[in-house]
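Residue numbering restarts at 1 for every chain, and letters A, B, ... go by the order of the sequence lines. As a basis for the values below, the full set of heavy atoms in this structure was taken, side chains included, without hydrogen atoms, waters or symmetry mates.
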2 protein chains.
Amino acid sequence: MSVPPEEAAKDVFEVVPIIMREIRSVMRSKRPPVLTVPQYRALSFVDRNAGASLLDVANHLGLTPPSTSKLVDGLIGHGLMTREEQPVDRRRLKLAVTDRGHKDMIAARQGTLAYLTDRLRNMDEGDREVIVRAMKALHLIFTGNPKIGERWG
Amino acid sequence: MSVPPEEAAKDVFEVVPIIMREIRSVMRSKRPPVLTVPQYRALSFVDRNAGASLLDVANHLGLTPPSTSKLVDGLIGHGLMTREEQPVDRRRLKLAVTDRGHKDMIAARQGTLAYLTDRLRNMDEGDREVIVRAMKALHLIFTGNPKIGERWG
DNA sequence: TTCTAACAATTAGCCCTTCTAACTAATTAT
DNA sequence: ATAATTAGTTAGAAGGGCTAATTGTTAGAA
């Protein structure tokens, strides 16, 4: 039985926003509230790419430079990231995550993964395998990058 | 080979935000900008459930009543929805989508689905089948509702 | 029956997200 | 040197989402 792209598109369009809402809600439900999703994503990227510039972050997040600038501003204001000037090219920033930023990022990740893991526990292992395969396929389609799951060792 | 829930959770956590960003970006890229994702979701729900109350919408979207009130306010301000008092219970609203709201909603859906369909076209049919199965499994897990894909006939 | 409890929706106030347009400052190229 | 490019910021707008407190409305109990 054939699966046309239209059908898959409908299902993706229906389900992805639902899961995203869950993720957002779990991330922001901590006491005290830790990180929003974009904040987490920015921290996570800079954590893995110390010394990244603002545009590096913007490109990775798919945001405009002004949006990213404001986002980074907030993170620095909360003491989670630092902004340094490079002597080489004084236009380019050198961003880095603070200890506290690293800690908060790990906490946000753990909390979210724990929640998702819990949700995915009550299903057939076969279904989980299907999900993993689907995620890999989608990752490839939407990023052009076949690598996945290497971020967190 | 066994797939532990932790692995599936990681993949979901990595891939879902990426796809969501794409969806958001496509929805907002129209000229003139049409709808945001929550606006689309609200319109779509009320379109299928004419006369719904504010709490009906809030529950379906997973938002608090104040957030939903503001959201609906915006839609009414743009002439996409109407708010009516019910004589039966004057506390309860009767929301409805205007012709223009319906049109804009269809346009947003078509645009997004066209984009997703295009992305999903360049992959094995087998991969698409895996994706469809994964979406159904995820939908069930996250909503408790096995029905999917009945929204758009 | 009147007083109270519950309910539907809104307002106010907070902070975050994201954009475009316009700007400053630094670097590279002509 | 001057012009073009690049990195990043500021300003201003519209929206998303929350909690706490408020206004009406309905239903229930004394």
Asker: Determine whether a donor-acceptor pair (N or O, by modelled atom type, separation under 3.5 Å) exists between the side chain of Asp118(A) and the backbone of Ala114(A).
Answerer: no
Asker: Ser67(A) side chain N/O closer than 4.0 Å to the phosphate oxygens (OP1, OP2) of dT18(C)?
Answerer: no
Asker: Nearest to the side chain of Pro38(A), which nucleotide is it out of dA9(C), dC18(D), dT17(C)?
Answerer: dT17(C)
Asker: Of the nucleotides dG8(D), dC18(D), dT9(D), which has the atom closest to the Thr64(B) side chain?
Answerer: dC18(D)
Asker: Would one find more than 12 heavy atoms of other residues, nucleotides or ligands at under 6.0 Å from atom CZ of Arg133(B)?
Answerer: no
Asker: Measure across His78(B) and Gly74(B) and return the closest heavy-atom pair with its distance rounded to 0.1 Å.
Answerer: ND1-O, 2.8 Å
Asker: Describe, in one word, how the ring planes of His60(A) and Phe45(A) are oriented to each other, choosing from parallel (under 30°), tilted (30 to 60°) and perpendicular (over 60°).
Answerer: parallel
Asker: Mark yes or no for a side-chain to base donor-acceptor pair under 3.5 Å between Lys70(A) and dT18(C), with no hydrogen or angle criteria applied.
Answerer: yes
Asker: Quick one: label Arg83(A) by what it contacts on the DNA or RNA (base, sugar-phosphate, nothing), any heavy atom closer than 4.0 Å.
Answerer: sugar-phosphate
Asker: Map Arg91(A) and Pro66(A) onto DNA chain C by nearest heavy atom, then report which one ends up closer to the 5' terminus.
Answerer: Pro66(A)
Asker: For Arg28(A) and dC15(C), give me the distance from atom CZ to atom P, rounded to whole Å.
Answerer: 13 Å
Asker: Would you kindly give the CG-to-P distance between Asp56(B) and dA8(C), to the nearest whole Å?
Answerer: 9 Å
Asker: Between atom CG in Leu54(B) and atom P in dT11(C), what is the gap in whole Å?
Answerer: 11 Å
Asker: Distance check, rounded to the nearest 0.5 Å: Glu7(B) atom CD versus Met135(A) atom CE?
Answerer: 12.5 Å
Asker: Could you give the NZ-to-C1' distance, from Lys94(B) to dA8(C), as a whole number of Å?
Answerer: 16 Å
Asker: By the 4.0 Å heavy-atom rule, please label Val37(A) as base, sugar-phosphate, or nothing.
Answerer: nothing
Asker: When you measure from the side chain of Arg92(B), which nucleotide among dA8(C), dG17(D), dT9(D) comes out closest?
Answerer: dA8(C)
Asker: For dA7(D), does either OP1 or OP2 sit under 4.0 Å from a side-chain N or O belonging to Ser53(A)?
Answerer: no
Asker: Which atoms form the tightest heavy-atom contact between Leu54(B) and Thr68(B), and what is the distance?
Answerer: O-CG2, 3.9 Å
Asker: Take Thr68(A) and Arg90(B), find for each the nucleotide of DNA chain D with the closest heavy atom, and name the residue whose nucleotide sits nearer the 5' end.
Answerer: Thr68(A)
Asker: Can you measure Glu22(B) atom CD to dT18(C) atom P for me and round it to whole angstrom units?
Answerer: 13 Å
Asker: What's Thr36(B) touching, base or sugar-phosphate or nothing? Going by heavy atoms closer than 4.0 Å.
Answerer: sugar-phosphate
Asker: Whole Å only: how far is the CE atom of Met20(A) from the P atom of dG16(D)?
Answerer: 15 Å
Asker: NA contact type, Val88(A), heavy-atom cut-off 4.0 Å: base, sugar-phosphate, or nothing?
Answerer: sugar-phosphate
Asker: Round to the nearest Å and state the distance from Arg24(B) atom CZ to dG16(D) atom P.
Answerer: 11 Å
Asker: Which nucleotide, if any, forms a Watson-Crick or G-U wobble pair with dT10(D), using both distances under 3.5 Å?
Answerer: dA21(C)
Asker: Rounding to a whole Å, what distance do you find between Asp73(B):CG and dA9(C):P?
Answerer: 13 Å
Asker: To the side chain of Leu93(B), which of dT10(C), dC16(C), dT18(C) is closest?
Answerer: dT10(C)
